[in-house]
Amino acid sequence: MIGRGRAYVLPRYTTFPMKFYPTVGLEVHVELKTKSKMFCSCPVGEWEEPNTAVCPVCMGHPGTLPVPNRGAVVFAVALGLALKGKIARVSQFYRKNYFYPDLPKGYQITQYSVPIVRNANLLGVRIERINLEEETAKSLHTEDGSVLLDFNRAGIPLLEIVSAPDIRDPEEARRYLVALQAVVRFLGISDAHMEKGQMRVDVNVSVSPDPDRLGTKVEIKNLNSFKAVADAIRYEIKRQSEVLSSGGEIRHETRMWNGKSTEPMRVKETESDYRYFPEPDIPPLYVDDSVLEEAEGMLVEMPWEKEERYREEGVPAHLASILAYDKDLSEAYEKIKDVDPKLTADLLLNVVLGKLNKAGKSLRDFDLSGFREFVKAFKEGKFLRDYLKEGIERHISGGQPFSEIIESAPKVEEVDIRPFVEELIKNNPKEVEKYRKGQKGVIGFFVGQVMRKYRGKVDPREVRKVVEDLLDNV
Amino acid sequence: MDVGVEALRRDPLNAVLTVVEEYEVTEGPLNGLPVAVKDNITTAGIRTTAASKILENYVPPYDATVITRLKKAGARIVAKTNLDEFAMGSTGENSAFGPTKNPHDPSLVPGGSSSGSAAVVGAGMVPVALGSDTGGSIRLPAAFCNVWGFKPTYGRVSRYGLIAFASSLDVIGPIAGDLDILARVMEVISGPDPADATTLDSPPFSYERSREFSARGRYRVGFVKEHLEIVSDEIRERFLALIDRIGQRGNEIVEVSLHSGKFALPSYYIIATAEASSNLARYDGVRYGVRVDGKDLTDTYVRTRSLFGKEVKRRILVGTFVLSHGYYEAYYLKALKARRLIKEEIASWFKEVDVVLTPTNPTLPPRIGAGFSPVEYYRLDTLTVPFSLAGVPALNVPLGDFVGVQVVAPYEEDERAVGFGMYVSEIL
Ligand SMILES: [Zn+2]
């Protein structure tokens, strides 16, 4: 959407006289977790032994032929439907020809002029095309300079999801990627772990002084995390803006992200001519009604729909937007929310997640049904609020089952703290005077004293109420 | 005549690359029939070279679908036969392992690219052999070696295990001294194959249907006007004599035209080389075959791929060029358009005729080492290439003395081509 006219505001330390309009496009590759590979019957999975999930077809042996995997077609169509794209009832595979040791046939089977999905949309960013294609082998560069190849990956179905240059800033790019990852995970078509290479991102950045015209496109590779993507975009917008401001020209090139900056690829890329032509070994690909129905059957609630619903259920907006885009967290939330949606969201995001991270664990190591009972016990008044954190901590770092944690919770007693608070007020006239002058902070002084005396037996919120009440009535 | 496994071992024609010494025979309708197989069809555990240095050491881990089917039907694979490297050639001279000789005159070429298969059948060393045909590679050597050779409808026989030259044109088919054996082998090797997405849904070839067609009598027979203008005099005479005899039997003879025929050879060589340039990219020495190590990756590619023969290199270069940016539309897309025209024109013939006859070879076989220009050799395919582009079935009927005639039938009507061949064999 060129000419939308949202200018990138340069950081204040720059003193450029010009305004620049950045545009970002993302090319995302997602590995599909179908049962078998794209064009042969080898299983898809993660294997310890290299070159064990291979056959003559995915090794590119002479005489072998590719037969498209219907399951992968269904997955591609499901993503297309989820993103409101146009599904091509007839599409065509093409050969993209180039030489590289990780490419068994000397060409990659991909799509070109008629991809299986066109004109989709994600969070307002247009997706121009989704191509169904095949993975290459995995290369391992050893210290002695040789290259080891693992063809277990070769031929795994791959979706290439190409956005229009609709993205304006690093944060928008990050949100787009988080959403895309969430969508493929919710659909169950990919695990989409960046660190495992199941999801890979290439970025195109251009900067223009004219909101109605695109600048020269620069491609950035070697982006291993969403943070790297955002950082690289930020860096590249600044770099290009500086080059243009000082009268320079942007070169159309591919650059590598090194963690701090982008640098031109060391290997000089010759003008690539992939000599695309229709794959003669595969007839046109038909998406018939049965494929369409199966794909429709895979559709689930999308993260933006979840977010809306969570808010309606009482989850604060900033928590809902995180919960809804994370498969594990949202599943955890759904299991417990009937006890108390707001409290569940709050505990999961603000307590559980942090403690799990610290302990180097994941939600999978966390006993959700036990946790549910624990939250329920709290709601039933079996223990006080500050024991929630303690209990979670004991489960995560100590491995104690929640049933025990509930059992050993300090019993809530009916304690009357009023006499003690009244005594405190009497003994601390200076603090009371400060309160009267509007220094509300001194409440903490009184609450702290009470909490020290009645540790674990009283709820700090209750204490605060009593303290305020009595102070106001002195 | 030199017959049997001993003859295959002696191999006076340089037609055999590997003699298969050990095999198990399954019980089946082919009942131990010895079959020679062109060495661009994979045989599990048996070296398969495509007559190229680059695959000199290649032992495939799997059987081609046609081999699996032949074995299951009780055939014995007895030899792998010589060919033009990667099936690129019309004379059999482009093999990295030396030219094959014509069984009826060793100074002449046997025709290519299925040179060895046609030669061993022509010499009577085996009753039947498999060949592959991309632009005439079964029919031309069958004509030069005086044997039957059949190019089925594209997709009627699985290509799984056929080392690709030009995927949209390649077809496997039988070469035989006896048409009945050819038809029986067709029954076994044809039919849909889940491993080849381009196979047709139609049922396997039916010997019975061929017989029925041959017994019908009274055919409307076409001949291609333009083709008779370009063949040599002796071939025209032999062809017209056959047409006369068919006409005397009360069949209707109809002249048909192939206006688009002039586009056939150029568009064939564009499409075939384009696909070949891509199909042969996999021979990089990384996973199988011969690798010649160089100082870096590019150097290794260059040294390894320098093992290709001259004709293969020429076609890879031409194919790479016609697919290149800026030339794709002018060459490749235009060739596809011409192909469509040819296909439509050939299909239209069959509104008026049952089959079409036309010579297989435009001239008699050249001498080995005649040293023509590449284009002169390409012209040997002039009469066979149109039917490859159209994907229709075509049978070479041997008239003897190095002359063959093609019986062309409509798309998927393979039984009609073979059936008419049966009819002709009775009146020859
Ligand atoms: Zn495989």
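Proteins get letters first, then strands, A, B, ... in listed order; numbering begins at 1 in each. These values consider heavy atoms only, across backbone and side chains, with no hydrogens, waters or symmetry-generated copies.
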Participant: Heavy atoms only: give me the nearest V67(A)-P194(B) pair and the separation to one decimal.
Facilitator: CG2-O, 3.3 Å
Participant: For atom CZ of F99(A), is the number of surrounding heavy atoms from other residues, nucleotides or ligands below 6.0 Å larger than 12?
Facilitator: yes
Participant: Applying side-chain contact (heavy atoms from CB on, under 4.5 Å), run through F151(A) and R287(B) and close with a yes or a no.
Facilitator: CA-CA 10 Å; F151(A) 289 87; R287(B) 297 162 312 283; 3.6 Å; yes
Participant: Would you find more than 12 non-hydrogen atoms of other residues, nucleotides or ligands less than 6.0 Å from Y327(B) atom OH?
Facilitator: no
Participant: Are N279(B) and R95(A) close enough that a side-chain donor and a side-chain acceptor fall under 3.5 Å?
Facilitator: yes
Participant: Quick one: of A166(B), S168(B), G161(B), G289(B), who has the most non-hydrogen atom pairs under 4.5 Å with chain A?
Facilitator: G161(B)
Participant: Taking atom CG of D201(B) as the centre, report whether more than 12 heavy atoms of other residues, nucleotides or ligands fall under 6.0 Å from it.
Facilitator: no
Participant: For S324(B), is it the side chain, the backbone, both or neither that has a heavy atom under 4.5 Å from a heavy atom of chain A?
Facilitator: both
Participant: If you take all heavy atoms of P66(A) and A197(B), which pair is closest and at what distance?
Facilitator: O-CB, 4.3 Å
Participant: I need the minimum non-hydrogen distance between T198(B) and P283(A), along with the two atoms involved.
Facilitator: CG2-CD, 4.2 Å
Participant: Indicate whether the side chain of R275(A) and that of Y328(B) have a donor and an acceptor atom separated by less than 3.5 Å.
Facilitator: no
Participant: So what's closer than 4.5 Å to chain A heavy atoms on A64(B): side chain, backbone, both or neither?
Facilitator: neither
Participant: Just by modelled atom types, is the C55(A) backbone N or O under 3.5 Å from a matching donor or acceptor in the Y62(B) side chain?
Facilitator: no
Participant: List the atom of P280(A), the atom of Y154(B), and the distance in Å for their closest heavy-atom pair.
Facilitator: O-OH, 4.2 Å
Participant: Could you tell me which non-hydrogen atom of M59(A) sits nearest to which non-hydrogen atom of Y288(B), and how far apart they are?
Facilitator: O-CE2, 3.8 Å
Participant: OH/Y276(A) to OH/Y332(B) distance, rounded to the nearest 0.5 angstrom?
Facilitator: 15.5 Å
Participant: Examine whether an atom of Y283(B) lies under 4.5 Å from a heavy atom of chain A, and if so say whether it belongs to the side chain, the backbone or both; otherwise answer neither.
Facilitator: side chain
Participant: So does Y100(A) have more than 12 non-hydrogen atoms from other groups sitting under 6.0 Å from OH?
Facilitator: no
Participant: Need one label for L297(B): side chain, backbone, both or neither, based on atoms under 4.5 Å from any heavy atom in chain A.
Facilitator: side chain
Participant: Above 12 or not: heavy atoms from other molecules or residues under 6.0 Å from NZ of K313(B)?
Facilitator: yes
Participant: Under 3.5 Å, is there a donor-acceptor pair linking the side chains of H61(A) and Y58(B)?
Facilitator: yes
Participant: Would you give the length of the straight line joining atom CG of D170(B) to atom CG of D281(A), rounded to the nearest 0.5 angstrom?
Facilitator: 9.0 Å
Participant: For P104(A), does its backbone N or O pair with a side-chain atom of R282(B) as donor and acceptor, under 3.5 Å?
Facilitator: no
Participant: Under 4.5 Å from any heavy atom of chain B, what part of N97(A) do you find: side chain, backbone, both or neither?
Facilitator: side chain
Participant: In terms of heavy-atom proximity below 4.5 Å to chain B, should F277(A) be classed as side chain, backbone, both, or neither?
Facilitator: both
Participant: Sort T298(B) into side chain, backbone, both or neither according to what part of it lies under 4.5 angstrom from a heavy atom of chain A.
Facilitator: neither
Participant: I'd like to know which of C40(A), G145(A), P56(A) tops the heavy-atom pair count under 4.5 Å against chain B.
Facilitator: P56(A)
Participant: Can you confirm whether E249(A) is buried at CD, in the sense that more than 12 heavy atoms of other residues, nucleotides or ligands lie under 6.0 Å from that atom?
Facilitator: no
Participant: Pick one of side chain, backbone, both or neither for L103(A), based on which atoms fall under 4.5 Å of a heavy atom in chain B.
Facilitator: backbone
Participant: Mind checking whether S277(B) and Y107(A) have side chains closer than 4.5 Å, heavy atoms only?
Facilitator: no
Participant: Among P60(B), A195(B), A164(B), who wins on heavy-atom pairs under 4.5 Å with chain A?
Facilitator: A195(B)
Participant: At a heavy-atom distance under 4.5 Å, which candidate from A50(B), P61(B), S158(B) has the highest pair count against chain A?
Facilitator: P61(B)
